[in-house]
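Written out below as structure tokens is the structure these notes cover.
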Amino acid sequence: MTTVESVLTRRNATLRDMAELLQSQHDSKLDVVVPARDLRMVGGRLAIDGIGEPTITLDGVTSSTGIFVPTATCDGGFADKLGIPVKYLRRMRDTGHLDLLDHNINEWLAEDPNKRFLARNLRGVDGAPGISRAFLSENYRFVDNLDVLMAVLEGIRLAGVHVDVSQCDLTETRMYVQIRCPEVFAYAPELLRNYVSPFTGRRGADNPVVFAGFVFSNSEVGHGSFSITPRITVQVCNNGMTFTQDAMREVHLGGKLADGVVRWSADTQAAALDVLIKQARDAVNTFLNPDFVHAKIAEVEVDAGVRVRDVEATLAYVGKQLRFTEAERKTILDHFFDGGDRTSGGVLHAVTSAAQTIGDADQAYEMERQGIPAMRHAAAFQR
């Protein structure tokens with residue numbers, strides 16, 4: 001059975017699977033800029049006038065109303081754009097008070113009937129309702145995941161470097177693709193000398209190798225900019241260290257779009273993709289460089305060797321600073337003890353290995369991004 005999750009998300013996908021899913025989404029997309037007067041909520045579903053399948057009547061050919069099931073992300077867009085507390089909106093939906101949900105949204109839409117919004121939708125199949133993925137400002141300049149994927153791969157090809165696509169993930173809000181380059185590596189004996197992989201039992205001291213790489217991500221639905229972030233992978237455990245301060249970003253903001261179905265011209269699309277291709281090529285030349293990798297490892301090792309005295313107090317402090325949940329703190333603590341490295345570098349390893357065990361891709365990538373900050377907080381706590 002087709003579900004919203006199966007249409008929109010994929011975890012630990014191959015590159016081929018990711019490309020096929022993105023192509024399927026691309027083929028069914030229906031992005032429209034529409035004034036509030038042509039929007040309404042009916043039974044918890046979004047109705048958009050004038051964009052449904054054309055019908056033939058005695059009066060001629062007319063467009064009907066398109067019906068779409070909002071995702072949680074789309075509901076969040078309604079809350080943000082209409083000033084409705086998001087917890088209240090989700091409570092109305094979760095408790096089945098759809099009449100109240102309809103009334104709230106429709107009343108606020110009627111406050112300014114000429115205000116325009118961008119609705120990002122996927123068409124339904126065989127007469128079924130479609131999916132409304134996002135409710136955004138008319139100024140949102142979106143870049144589709146499929147275009148990002150193809151552009152970055154083309155940028156890598158032009159750079160002439162052999163890489164592995166080590167992991168692909170697609171969530172309701174973001175796409176993530178990890179790139180690893182085994183040809184560009186470095187040794188990190190100081191960082192790994194006391195570490196043992198909690199997954200394999202392999203010792204970092206026996207194989208202190210790290211690989212260059214990066215992760216690129218994009219959101220089609222207003223949850224962050226397109227970015228390429230350097231990522232160094234530890235061979236013995238596949239832990240990933242991301243260096244967010246060095247990320248290349250492209251913000252999705254632009255001019256106002258015309259009413260109706262959004263169709264980019266060929267030259268507009270080509271210009272946008274050319275920028276992405278060049279950014280990917282620049283990222284390859286910058287991040288997949290031995291000097292860059294050595295510099296990043298040296299930067300990490302400045303704080304990595306500080307011995308952790310009171311483990312539970314240290315990790316409680318780190319968790320509070322980075323707002324880890326109680327469950328996340330427990331998982332990190334377990335990985336810290338399993339890793340056997342009683343240093344602030346061990347905290348880095350614990351956070352990044354714990355991230356690999358999380359099923360939710362957004363949560364996992366966010367935790368991995370906190371690995372280096374966690375190490376620095378742990379080191380500071382000892383001083």
Side-chain angles (χ1 to χ4, degrees), residues 1-11 13 16-57 59-79 81-82 89-106 109 117-136 140 142 144-147 169-175 219-223 259-263 361:
M1 184 175 93
T2 300
T3 64
V4 171
E5 288 75 18
S6 66
V7 171
L8 296 181
T9 68
R10 198 63 50 87
R11 185 77 163 113
R16 180 182 295 275
D17 287 342
M18 177 67 82
E20 289 177 352
L21 178 58
L22 295 180
Q23 184 65 60
S24 176
Q25 291 182 1
H26 181 80
D27 293 343
S28 63
K29 71 177 181 179
L30 180 61
D31 300 315
V32 294
V33 174
V34 61
R37 63 177 176 272
D38 291 336
L39 297 167
R40 63 186 184 279
M41 194 67 72
V42 181
R45 294 175 174 179
L46 177 62
I48 307 178
D49 291 336
I51 67 165
E53 291 298 320
T55 57
I56 301 176
T57 68
D59 298 321
V61 179
T62 61
S63 294
S64 60
T65 299
I67 303 296
F68 304 90
V69 177
T71 62
T73 301
C74 186
D75 276 345
F78 280 116
K81 301 306 176 192
L82 301 178
L89 190 152
R90 287 176 179 160
R91 182 182 177 191
M92 288 186 286
R93 187 177 293 283
D94 292 344
T95 57
H97 287 83
L98 299 183
D99 54 342
L100 188 58
L101 174 67
D102 294 348
H103 176 76
N104 272 271
I105 289 179
N106 292 337
L109 286 172
F117 301 96
L118 169 64
R120 303 216 67 188
N121 312 301
L122 299 179
R123 292 182 177 88
V125 178
D126 298 329
I131 298 170
S132 193
R133 305 170 58 204
F135 190 71
L136 300 161
Y140 184 78
F142 54 85
D144 283 339
N145 288 331
L146 181 62
D147 291 336
D169 293 291
L170 186 66
T171 73
E172 188 178 301
T173 58
R174 293 193 70 84
M175 172 185 72
S219 177
E220 298 182 333
V221 294
H223 279 245
D259 284 355
V261 178
V262 178
R263 296 185 177 91

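On a predicted model such as this, the values are computed, not experimentally measured, just so you know.
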For the student: nearest non-hydrogen atoms of [X] and [Y], plus distance:
| X | Y | result |
| --- | --- | --- |
| R174 | S219 | NH1-CB, 3.6 Å |
| G44 | P70 | O-CD, 3.4 Å |
| A47 | T65 | CB-CG2, 3.7 Å |
| C74 | S132 | CB-O, 3.2 Å |
| E172 | T9 | N-CG2, 3.6 Å |
| L89 | A79 | CD1-N, 3.9 Å |

From D99, L109, L98, N106, residue fulfilling side chain to side chain contact (heavy atoms under 4.5 Å, CB included) relative to M41: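 It is N106, the one option of D99, L109, L98, N106 that forms the side chain to side chain contact (heavy atoms under 4.5 Å, CB included) with M41.
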Residues M175, L22; criterion side-chain contact (heavy atoms from CB on, under 4.5 Å); working and verdict: CA-CA 10 Å; M175 172 185 72; L22 295 180; 3.7 Å; yes
Using the test side-chain hydrogen bond (donor to acceptor under 3.5 Å, both in side chains), find all partners of [X] that sit at least two apart in sequence or belong to another chain.
| X | result |
| --- | --- |
| D17 | T14 |
| T173 | T171, D362 |
| E20 | none |
| R120 | D31, D144 |

Results of side-chain contact (heavy atoms from CB on, under 4.5 Å) for [X] - residues two or more places apart only:
| X | answer |
| --- | --- |
| D169 | R11, N12, Q167, Y176, A361, Y365 |
| R90 | V86, D94 |
| L100 | Y88, M92, H97, N104 |
| L21 | R10, Q25, L170 |

Trace of the side-chain contact (heavy atoms from CB on, under 4.5 Å) decision for L118 with V32: CA-CA 6 Å; L118 169 64; V32 294; over 6 Å; no
Would you say that [X] contacts [Y] through its side chain, given a criterion of any heavy-atom pair below 4.5 Å between the two side chains?
| X | Y | value |
| --- | --- | --- |
| L8 | I131 | yes |
| V34 | L39 | yes |
| R133 | T73 | no |

Reported CD1-to-CG distance for the pair I48 and L30, which is rounded to 0.5 angstrom: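 Atom-to-atom, I48:CD1 and L30:CG are 7.0 Å apart.
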Set of residues satisfying salt bridge (Lys or Arg N to Asp or Glu O under 4.0 Å) with respect to R40, sequence neighbours excluded: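 Salt bridge (Lys or Arg N to Asp or Glu O under 4.0 Å) check on R40 returns D49.
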Partners meeting salt bridge (Lys or Arg N to Asp or Glu O under 4.0 Å) with D75 (sequence neighbours left out):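 Scan of D75 (salt bridge (Lys or Arg N to Asp or Glu O under 4.0 Å), adjacent residues dropped) gives R93.
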Pair L46-I67, side-chain contact (heavy atoms from CB on, under 4.5 Å): steps then yes or no: CA-CA 6 Å; L46 177 62; I67 303 296; over 6 Å; no
Check: Y140 side chain, G222 main-chain N or O, donor-acceptor pair, under 3.5 Å: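 Between the backbone of G222 and the side chain of Y140 there is a qualifying donor-acceptor contact (under 3.5 Å).
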F135: partners by ring pair (Phe, Tyr, Trp, His ring centres under 6.0 Å), with sequence neighbours left out: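 Checked F135 against ring pair (Phe, Tyr, Trp, His ring centres under 6.0 Å); matches are F78, F117.
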Trace of the side-chain contact (heavy atoms from CB on, under 4.5 Å) decision for N121 with K29: CA-CA 6 Å; N121 312 301; K29 71 177 181 179; over 6 Å; no
